[in-house]
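Read the numbers this way: they start at 1 and go in the same order the structure lists the ligands and their atoms. Everything numeric here is computed off the predicted structure, so don't read it as measured data. The figures that follow rest on heavy atoms only: side chains count, while hydrogens, waters and symmetry mates do not.
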Amino acid sequence: MLKVPEHQVAGHIASDGKLGPLVDDQGRFFKPLQGDSRGEHEAKFYESFTSNKKVPDHIHRYFPVYHGTQLVEASDGSGKLPHLVLDDVVSGYSNPSVMDVKIGSRTWYPDVSEEYFKKCIKKDRQTTTVSLGFRVSGFKIFDHQESSFWRAEKKLVLGYNADGARLALRKFVSSNSPADSNLTPNCAFASEVYGGSNGILAQLLELKDWFEIQTLYHFNSCSILMIYENESILMKEGDDAPAARAQVKLVDFAHVLDGNGVIDHNFLGGLCSFIKFIKDILQSVDKRDETDTSLLENGH
Ligand SMILES: O=P(O)(O)O[C@@H]1[C@@H](OP(=O)(O)O)[C@H](OP(=O)(O)O)[C@H](O)[C@H](OP(=O)(O)O)[C@H]1OP(=O)(O)O
Ligand SMILES: Nc1ncnc2c1ncn2[C@@H]1O[C@H](COP(=O)(O)OP(=O)(O)O)[C@@H](O)[C@H]1O
């Protein structure tokens with residue numbers, strides 16, 4: 001039995017009889033092929049990418065595994081429709097915190113219709129896409145104090161300026177109540193989630209190394225999903241305990257173009273800018289920890 005994904009944070013959502021993705025209980029994510037030939041385009045990308053020997057294995061792991069397309073009962077009640085069958089990248093988590101960040105300083109690309117171009121550029125200017133080279137599209141955090149999920153309101157997220165985006169990235173890794181907008185995010189999970197040899201920053205840097213040389217694809221309007229589990233950090237005891245399991249995945253390939261031997265500078269630039277924001281948060285946390293230690297050592 002397919003159901004509406006509990007942890008989807010952006011994009012077209014299958015609620016109120018609308019067309020959107022579905023999940024099964026075996027860890028599969030079914031994304032309906034979108035109209036305007038976008039769906040076919042995304043399926044073609046997955047087929048090309050999956051079999052592309054020029055893409056190194058350590059890069060493949062940043063993409064959901066693709067299992068072809070399948071006709072399944074669509075969420076809008078319109079009968080059986082073709083869906084992309086992907087690994088559900090959050091299925092291994094019990095209470096994942098998830099953020100979708102759309103990368104690039106533009107979401108339009110050559111040869112789109114005038115109408116689509118206008119729609120994209122309007123949204124790119126209204127959000128941080130143009131100014132920062134990325135925009136937060138949506139996120140949810142598991143609030144362990146309330147034992148429930150807190151979801152950022154879409155309208156507010158799309159209205160973030162640079163400070164709003166920075167605050168959201170801090171909030172995403174904080175343990176104090178996300179619902180209270182008066183609280184300064186404490187970044188309690190920053191070192192475990194963003195930092196460390198397997199953390200988000202290390203994964204983003206690995207992706208950046210590839211984007212600095214890859215000329216196979218141009219990832220227009222594509223998102224980085226960040227996923228982690230905060231409960232496991234809080235319960236951690238000893239080295240064998242489960243860690244945050246922070247993961248970066250790329251999603252949404254409906255607008256990917258052939259790279260034609262040219263660097264994807266739109267994605268690469270946005271990725272570098274995003275990395276800088278994550279680095280700054282880590283630095284501010286390190287500085288705070290150093291100050292706390294020296295205060296303790298000086299008997300305060
Ligand atoms: O439909 P909208 O206006 O909500 O726009 C969708 C975007 O929602 P947003 O409001 O930016 O969060 C949506 O963005 P997110 O996935 O939510 O970041 C997509 O850009 C979607 O286009 P596509 O599925 O990638 O082709 C966008 O859909 P299209 O309008 O391009 O079909
Ligand atoms: N393979 C996946 N596994 C789990 N969740 C996913 C997967 N792909 C997408 N999602 C969720 O769905 C959202 C929208 O995905 P996306 O491919 O961008 O759809 P759209 O084309 O409608 O914008 C993402 O923000 C994420 O929360």
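- Y93 carries R245 over the face of its six-membered ring, with the cationic atom under 6.0 Å from the centre and within 45° of the normal.
- Looking at E47 and Y66, their side chains come closer than 4.5 Å, going by heavy atoms from C-beta outward.
- Atoms of ligand 2 found under 4.0 Å from any heavy atom of D87, numbered from 1 in the order shown, are 1 (N), 2 (C), 3 (N).
- Residue Q8 approaches ligand 2 through these ligand atoms, each under 4.0 Å from one of its heavy atoms: 11 (C), 12 (O), 13 (C), 14 (C), 27 (O).
- Looking only at side-chain heavy atoms (C-beta outward), Q247 and M226 stay at 4.5 Å or farther from each other.
- By the criterion of a heavy-atom distance under 4.0 Å, the side chain of D100, and not its backbone, is placed next to ligand 2.
- Considering backbone and side-chain atoms together, V89 places an N or O closer than 3.5 Å to an N or O of ligand 2.
- Residues R106 and N220 bring a donor and an acceptor atom of their side chains to less than 3.5 Å of each other.
- Within ligand 2, counting atoms from 1 as listed, the ones closer than 4.0 Å to a heavy atom of D88 are 3 (N), 4 (C).
- Between H218 and H265, the ring-plane angle classifies as perpendicular under the 30° and 60° cut-offs.
- Residue-ligand proximity, Q34 to ligand 2, at heavy-atom distances under 4.0 Å covers atoms 21 (O), 22 (O).
- In terms of N/O distances under 3.5 Å, ligand 2 is not approached by V98.
- Heavy atoms of V9 found under 4.0 angstrom from ligand 2 belong to the backbone as well as the side chain.
- Geometrically, ligand 2 and H12 share a nitrogen or oxygen pair separated by less than 3.5 Å.
- Residue-level proximity to ligand 2 for P64 is carried by the side chain, the only part with a heavy atom below 4.0 angstrom.
- A ring-ring contact (aromatic ring centres under 6.0 Å, His included) with H255 holds for exactly one of F219, Y217, Y116, F45; it is Y116.
- Two residues are said to be in side-chain contact when any heavy atoms from C-beta on lie closer than 4.5 Å; T127 and N161 fail this criterion.
- Annotation: cation-pi pair K119/W108 absent, no NZ/CZ under 6.0 Å from the ring centroid and within 45° of its normal.
- Residue contacts with ligand 2, taken as heavy atom pairs separated by less than 4.0 Å, do not involve K249 at all.
- Applying the 4.0 Å criterion to heavy atoms of K31 picks out, from ligand 2, the atoms 16 (P), 17 (O), 19 (O), 20 (P), 21 (O).
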